[in-house]
Amino acid sequence: MAVAFSVTGVEQGEWAVLRVSGELDLMTSPILRQRVHDVVAEGNHSLVVDLSDVFFCDSSGVGVLVAARRLIRSCQGRLRLILPDRGADDGSHVNRVLGALGVRRLFDVRPDLEAATADEAGPLSA
């Protein structure tokens, strides 16, 4: 049974949140790319991409994530990914793919929506 791909958007405080589910691959990655561009065009430069329900991601999906990072950085914005870390045996597929390709370190990865939309205090100064 195939799970339909979807991208839904919500606002969470100052953050735009795109929840992605299904397979992020050559056929579906253009949809996510367009949604990211739409969010930025609407003036939202704080973006969370929730990949918790993505069970497959190929290189085109990774390419969309890297391009989203580049776009958000060009706007002096913030991009965070939600990739739950459930352990080595059943961890997020996307987490493993990004790690295997050596690009996971490029992203600000959070385990859930609460952590992704929390604004940490800046460094304390004397």
S.K.: Could you list the residues that satisfy side chain to side chain donor-acceptor pair (under 3.5 Å) with S6, not counting sequence neighbours?
M.R.: S21
S.K.: Would you list the pairs meeting side-chain hydrogen bond (donor to acceptor under 3.5 Å, both in side chains) in which at least one residue belongs to residues 63-75, sequence neighbours left out?
M.R.: none
S.K.: Do the side chains of W15 and V7 join up, straight or via other hydrophobic residues, at under 4.5 Å, putting them in one cluster?
M.R.: no
S.K.: Which other residues belong to the hydrophobic cluster containing L26, where Ile, Leu, Val, Met, Phe, Trp and Tyr are joined when side-chain heavy atoms lie under 4.5 Å apart, directly or via other members?
M.R.: none
S.K.: I need the minimum non-hydrogen distance between T28 and D25, along with the two atoms involved.
M.R.: OG1-N, 2.9 Å
S.K.: Just how far is it from atom CG of L18 to atom OG1 of T8, taken to the nearest 0.5 Å?
M.R.: 8.0 Å
S.K.: Can you find a heavy atom in the side chain of L81 that is under 4.5 Å from one in the side chain of V94?
M.R.: no
S.K.: State the OG1-CG distance between T117 and D112, to the nearest 0.5 angstrom.
M.R.: 8.5 Å
S.K.: Listing request: all side-chain hydrogen bond (donor to acceptor under 3.5 Å, both in side chains) pairs with a residue in residues 35-45, at least two apart in sequence or in separate chains.
M.R.: Q34-D38
S.K.: Do R80 and I82 come within less than 4.5 Å of each other through their side chains, counting heavy atoms only?
M.R.: no
S.K.: Hey, any chance V17 and F107 share a hydrophobic cluster, counting ILVMFWY side chains that come within less than 4.5 Å of each other, even indirectly?
M.R.: no
S.K.: Side chains of F5 and V54: closer than 4.5 Å at any heavy-atom pair?
M.R.: no
S.K.: According to side-chain contact (heavy atoms from CB on, under 4.5 Å), who are the partners of V97, at least two apart in sequence or on a separate chain?
M.R.: V62, H93, L101
S.K.: Any link between V48 and V66 through a network of hydrophobic side chains (Ile, Leu, Val, Met, Phe, Trp, Tyr) touching at under 4.5 Å?
M.R.: no
S.K.: Of all residues at least two apart in sequence or in a different chain, which pass the side-chain contact (heavy atoms from CB on, under 4.5 Å) check with V64?
M.R.: S29, L32, R33
S.K.: Can you check whether Q12 reaches L113 side chain to side chain, under 4.5 Å on heavy atoms?
M.R.: yes
S.K.: Distance from L79 atom CG to L65 atom CG, nearest 0.5 Å?
M.R.: 8.0 Å
S.K.: Are L83 and V36 in one and the same hydrophobic cluster, where Ile, Leu, Val, Met, Phe, Trp and Tyr link if side-chain heavy atoms are under 4.5 Å apart?
M.R.: yes
S.K.: Considering all heavy atoms of both residues, which atom of C75 and which atom of V40 are nearest to each other, and what is their separation?
M.R.: SG-CG1, 3.8 Å
S.K.: Please go through M27's hydrophobic cluster and name the other residues, only I, L, V, M, F, W, Y counting, with side-chain heavy atoms under 4.5 Å joining them.
M.R.: none
S.K.: Should R19 and D53 count as side-chain neighbours, where that means a heavy-atom distance under 4.5 Å?
M.R.: no
S.K.: The criterion is side chain to side chain donor-acceptor pair (under 3.5 Å); which residues satisfy it with S46, sequence neighbours excluded?
M.R.: R78
